[in-house]
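Heads up, the thing below is written out as structure tokens.
Proteins come first, then strands; the chains are lettered A, B, ... in the order of their sequence lines, and each starts at number 1.
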Amino acid sequence: MATFALVDCNNFYASCERLFRPNLKNQPVVVLSNNDGCVIARSQEAKAVGIAMGAPLFKIRTLVEEHGVAVCSSNYALYGDISERVMTMLGSNAPSHEVYSIDECFLDLDNLGVPDLTAWCSSLRQRTYQWTGIPVSIGIGGTKTLAKLANRLAKKSAKAGGVIDLAHHPEWIDTALRKTPIGDVWGVGRRWSQMLEERGMVTAHDFAHAQDGWIRQKMGVVGLRTAHELRGYICHALEDQPQPKQTTCCSRSFGATITDKSQVHDAVMQFAERAAEKVRSADQVAGAMQIFIRTDPFNANAPQKSLSGSANFPQPTSDARAITGTATRILERIWRAGYAWKKAGILLLDLSAKGSAPPSLFDAIASPDDGLMTAMDQINAKYGRGSVKLGLAGKDRDWSMRRENLSPSFTTKWADLVSVRVG
DNA sequence: TCTGGGGTCCTAGGACCC
DNA sequence: TCTGGGGTCCTAGGACCC
């Protein structure tokens, strides 16, 4: 039998914001999505005053003022950096591990030679806090889904001390399943939990005991795997080798809607450059691309439109010139005037490792590698993103993102280092 | 006035082939 | 006159995750 642990950072983005701003300790803190749109992270205190996950800022203004909630724009450079510290710390303690998301990591606890896993995890939890300043909770189970479920209970339970081990206490599993609402099971989202609740299955326990044939028919093999995992059968192995990405996307909502074609083009060019950069940094090339633009679905009064178009590259590429050029041609092809555009994006598809594709007959002619992209990447790595770019985007940006409450880049920008005056 | 961004996997259905 | 069945590949859309 395998033993999985899931280490999950508590209120991760809110905890990051607090790290360098001790005055926020024990205060309600929320972090907003891009454009300062809606709440994507809340400290415990913010949850306690009734701020919902995903709530748009304009709907919680009153709560914010009443309770003095600290409101932060999201600062992904900071969160990414702190995440790396936490993951490095965890990886050095459990060599076999899988970084599952920016704030979660699965550990393989077998073969660690540890007699008491609960004690070991408690001390890991403590050290993580001491070394990184980030509080975590740990759930242990025989499958990833059970480890997730244990983690959720560890977060909620006051007496658990942040760690719950279902793997070595099989007698707790039944109660744990009964205590878990179906919608809180990993792999059961909004649609499925509604469907299951309508049929009287309201807890993980109900679902785990449903009939395989029925689950397969209603939820496919994906749902069936979740049910099996709840019963203790492993369907999701630990993936300690990160898989190369198959697609990369760069998309944004605009700060305000735009109708002007050249502005939409500007935005698409910037996203295309950024997407190309991402692909290059993973040493990949793209075989195809797609761009899309769409209006604001929340504005019931405006005519709605969603346009997209795609193209294949003659040879897989990561060259920003090829990618922006193709993006321009696609936009030209799909453009329709008369709409208020709110969001645009580009997807690079069919990614493969650079150099893995069989060379084409025309390679030498079609893709001269003149080193320009490499040079640009090096300069941007040294002097900061966007220091050099293709001369494509104009200066008037009506569409730029709103970030009115951005915290300093404490760990990634020299100018934002915290200074401490002594004496 | 103001509602995120970046991914994965699976399935159904159509085109096409023999 | 008879009007099949099995396979692959691709795409769009829907579910999920953080």
| said: Taking 4.0 Å as the cut-off, does a side-chain nitrogen or oxygen of Arg225(A) come that near to OP1 or OP2 on dC10(B)? | reply: yes
| request: Quick one: label Glu104(A) by what it contacts on the DNA or RNA (base, sugar-phosphate, nothing), any heavy atom closer than 4.0 Å. | output: sugar-phosphate
| Taking the same atom, P, in dT3(B) and in dC17(C), what whole-Å distance lies between them? | 25 Å
| query | Any idea which of dG4(B), dG6(B), dC16(C) is nearest the Cys249(A) side chain? | reply | dG6(B)
| request: Remember a base hit wins even if backbone is also touched, and classify Lys144(A) as base, sugar-phosphate or nothing at under 4.0 Å, heavy atoms. | output: nothing
| query | At under 4.0 Å between heavy atoms, what does Lys218(A) touch on the DNA or RNA strands: base, sugar-phosphate, or nothing? | reply | nothing
| request: Report yes or no: do Thr328(A) and His265(A) form a side-chain donor-acceptor pair below 3.5 Å? | output: yes
| With a non-hydrogen cut-off below 4.0 angstrom, is Arg61(A) in contact with a base, only sugar-phosphate, or nothing? | nothing
| message | Categorize Arg274(A) for me: base, sugar-phosphate, or nothing, with a 4.0 angstrom heavy-atom threshold over every strand shown. | response | nothing
| Got more than 12 heavy atoms from elsewhere within 6.0 Å of CH2, Trp131(A)? | no
| query | Does a donor on one side chain sit under 3.5 Å from an acceptor on the other, for Asn11(A) and Ser43(A)? | reply | no
| Closest to the Arg252(A) side chain, choosing from dA15(C), dC18(C), dG5(B) | dG5(B)
| request: Would you classify Thr248(A) as touching base, sugar-phosphate or nothing, given that sugar-phosphate means primed atoms plus P, OP1 and OP2, and contacts are heavy atoms under 4.0 Å? | output: sugar-phosphate
| field | Listed nucleotide nearest any side-chain atom of Arg191(A), set dA15(C), dT11(B), dT3(B) | value | dA15(C)
| query | With distance as the sole criterion, is a donor-acceptor pair present between the side chains of Asp36(A) and Ser73(A) under 3.5 Å? | reply | yes
| request: For the residue pair His169(A) and Trp172(A), categorise the inter-ring angle as parallel (less than 30°), tilted (30 to 60°) or perpendicular (more than 60°). | output: parallel
| task | Using the P atom on both, measure dC2(B) against dC18(C) and round to a whole Å. | result | 30 Å
| query | Contact class for Val185(A) vs. all strands (heavy atom < 4.0 Å): base, sugar-phosphate, or nothing? | reply | sugar-phosphate
| query | Lys343(A) or Pro244(A): which one's nearest nucleotide on DNA chain B is closer to the 5' end? | reply | Lys343(A)
| Between dT3(B), dC17(C), dA15(C), which nucleotide has the shortest distance from any of its atoms to the side chain of Trp192(A)? | dA15(C)
